Amino acid sequence: MNDLRGGWLERIAEAADEAALEELRVAALGKKGEISLKMRELGRMTPEERQVAGPALNALKDEVNSALAAKKAALGDAALEERLRGEWLDVTLPGRHRRAGTIHPVSQVMEEVTAIFADMGFAVAEGPQIETDWYNFDALNIPGHHPARAEMDTFYTHRAPGDNRPPHVLRTHTSPVQIRHMEAHGAPVRVIAPGRVYRADYDQTHTPMFHQVEGLVIDRDISMANLKWVLEEFFTAYFGTSVKTRFRASHFPFTEPSAEVDIQCSWEGGTVKVGEGDDWLEVLGSGMVHPHVLRSAGVDPDDWQGFAFGMGIDRIAMLKYGIPDLRAFFDSDLRWLRHYGFAALEVPSVHGGV
Ligand code: 2U9
């Protein structure tokens with residue numbers, strides 16, 4: 001009996017894993033296990049023999065069961081230890097840096113410009129980017145034969161074969177928005193029309209898509225003096241310093257008289273600074289709205305008059321943030337923008353790179 005006991009306890013102590021332990025349990029205590037067979041032999045013993053062997057076998061069975069349970073628990077603990085060692089985690093490691101995204105500088109400038117004009121009582125008008133010939137050209141006093149049409153290098157859409165109506169155009173300015181606004185609401189008017197416009201042009205100062213903000217004020221006695229005040233107020237607010245303006249006579253089909261407006265600047269060390277110096281920089285076009293244009297939009301030029309202006313958002317963004325190449329705004333290569341302080345434009349990296 002002692003050999004039996006020692007043998008089983010030793011094998012249990014040496015079991016390498018739970019599977020080996022289970023094999024031992026079956027071999028000792030299973031139906032045909034060694035200890036079970038021995039217990040079955042009790043029936044063939046004399047009562048005296050059974051009185052000695054019975055309790056001894058029962059005690060052995062209990063002891064082997066306890067040893068199996070203890071070994072099973074020990075193997076479980078060891079397995080857990082092993083797993084914890086393998087999955088070790090350094091909770092003191094610094095977190096992975098992620099840059100927050102921000103809005104694009106052009107959108108940012110659009111918002112700034114809109115907020116400044118909103119302070120002066122302008123509402124914001126919007127309209128389609130794909131326009132009819134009428135709204136983009138004719139209503140703005142640019143008839144089919146007018147040279148300004150060719151100058152605008154417009155993108156045209158295709159018509160189906162046999163459809164002879166004029167093709168739609170990608171709007172070349174946001175002026176059609178204001179024609180639509182006057183048609184819908186009549187005079188008086190005080191709106192700006194910011195948005196995307198398109199021209200077939202691509203070089204250091206032109207991209208095929210760019211952004212404009214135009215302004216329109218129509219009332220009974222609006223004059224160029226009002227235009228001058230509004231623009232100077234705008235530039236001072238936008239550049240954060242008082243900015244002198246210079247009006248030069250010009251020509252646009254949709255305004256008469258027309259003026260190009262320059263702002264005061266200095267050129268030092270190849271960079272332009274606005275609001276100081278003796279140089280001038282052209283930033284926008286403007287004028288008194290042509291009577292033909294008012295009439296096209298259903299506003300009677302005998303009762304109403306007003307001014308309009310238009311400027312490139314990308315251009316005034318470049319001036320404020322000192323960006324020399326317009327293409328920097330639209331290139332997929334963001335190094336330029338990072339260089340000009342728009343670091344947060346980077347797409348947050350899924351690899352956690354910095
Ligand atoms: C209506 C009537 C007149 C808007 C105007 C300009 C002059 C102008 C350019 C500036 C730089 C376009 O982005 S740019 O290339 N714009 O010179 N725009 S007057 O005149 C209007 C607008 C709407 C109904």
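Remember, it's a predicted structure, so these values are computed and weren't measured experimentally. As the structure lists them, so they are numbered: ligands from 1, and atoms in each ligand from 1.
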ask   = How far is atom 1 (C) of ligand 1 from its nearest protein heavy atom, and which residue and atom name does that atom have?
value = Leu140 CD2, 3.9 Å
query = So which heavy atom in the protein is nearest atom 3 (C) of ligand 1, and how far is it from that ligand atom?
reply = Ala308 CB, 3.4 Å
task = Answer yes when Arg165 and Asp163 have at least one side-chain N-carboxylate O distance shorter than 4.0 Å, and no when they do not.
result = yes
request  = Determine whether any heavy atom of Met182 lies closer than 4.0 Å to an atom of ligand 1.
outcome  = yes
Nearest protein heavy atom with distance in Å, relative to atom 8 (C) of ligand 1 = Gly285 CA, 3.6 Å
inquiry  = So, 4.0 Å and heavy atoms of Gly287: is ligand 1 close enough to count as a contact?
reply    = no
inquiry  = Taking the basic N atoms (NZ, or NE/NH1/NH2) and the acidic carboxylate oxygens, is any pair closer than 4.0 Å for Glu183 and Arg180?
reply    = no
inquiry  = Taking Leu29's backbone N and O only, do any of them form a donor-acceptor pair with Ser36's side chain (distance below 3.5 Å, no angle check)?
reply    = yes
request  = List every atom of ligand 1 that sits less than 4.0 Å from any heavy atom of Gln212, numbering the atoms from 1 in the order shown and giving each element.
outcome  = 12 (C), 13 (O), 14 (S)
Lys320 to Tyr238, cation-pi by 6.0 Å centre distance and 45° axis angle = yes
request  = Scan Val213, Leu231, Ile316, Ile263 and name whichever one has a side-chain contact (heavy atoms from CB on, under 4.5 Å) with Leu284.
outcome  = Leu231
query = Which atoms from ligand 1 have a heavy atom of Phe210 less than 4.0 Å away?
reply = 13 (O)
query = Can you tell me if Met311 has a non-hydrogen atom under 4.0 Å from ligand 1?
reply = yes
ask   = Do the ring planes of His185 and His181 sit parallel (below 30°), tilted (30 to 60°) or perpendicular (above 60°)?
value = tilted
request  = Can you sort out which atoms of ligand 1 are near Glu214, meaning under 4.0 Å from one of its heavy atoms?
outcome  = 4 (C), 18 (N), 22 (C), 23 (C)
remark   = Per-atom filter on ligand 1: closer than 4.0 angstrom to a heavy atom of Phe309 are 4 (C), 5 (C), 18 (N)
task = Using side-chain contact (heavy atoms from CB on, under 4.5 Å) as the criterion, list what pairs up with Glu49, not counting sequence neighbours.
result = Met45, Thr46
remark   = The closest protein heavy-atom partner of atom 19 (S) of ligand 1 is Phe254 CE1, 3.6 Å
inquiry  = Can you classify the ring geometry of Phe137 versus His173 as parallel (below 30°), tilted (30 to 60°) or perpendicular (above 60°)?
reply    = tilted
Would you list the atom pairs, donor with acceptor, under 3.5 Å between side chains in residues 286-300 and any protein atom, with sequence neighbours excluded?
from   : atom 1 : to     : atom 2 : distance (Å)
Ser286 : OG     : Ala259 : O      : 3.1
His290 : ND1    : His292 : N      : 3.0
His292 : ND1    : Asn141 : OD1    : 3.1
Ser296 : OG     : His292 : O      : 3.0
Asp300 : OD1    : Asp302 : N      : 2.8

request  = Distance to 0.1 Å, residue and atom name: give those for the protein heavy atom nearest to atom 16 (N) of ligand 1.
outcome  = Gly310 O, 3.6 Å
task = Check each heavy atom of Ala297 against ligand 1 and say whether those closer than 4.0 Å belong to the side chain, the backbone, both or neither.
result = neither
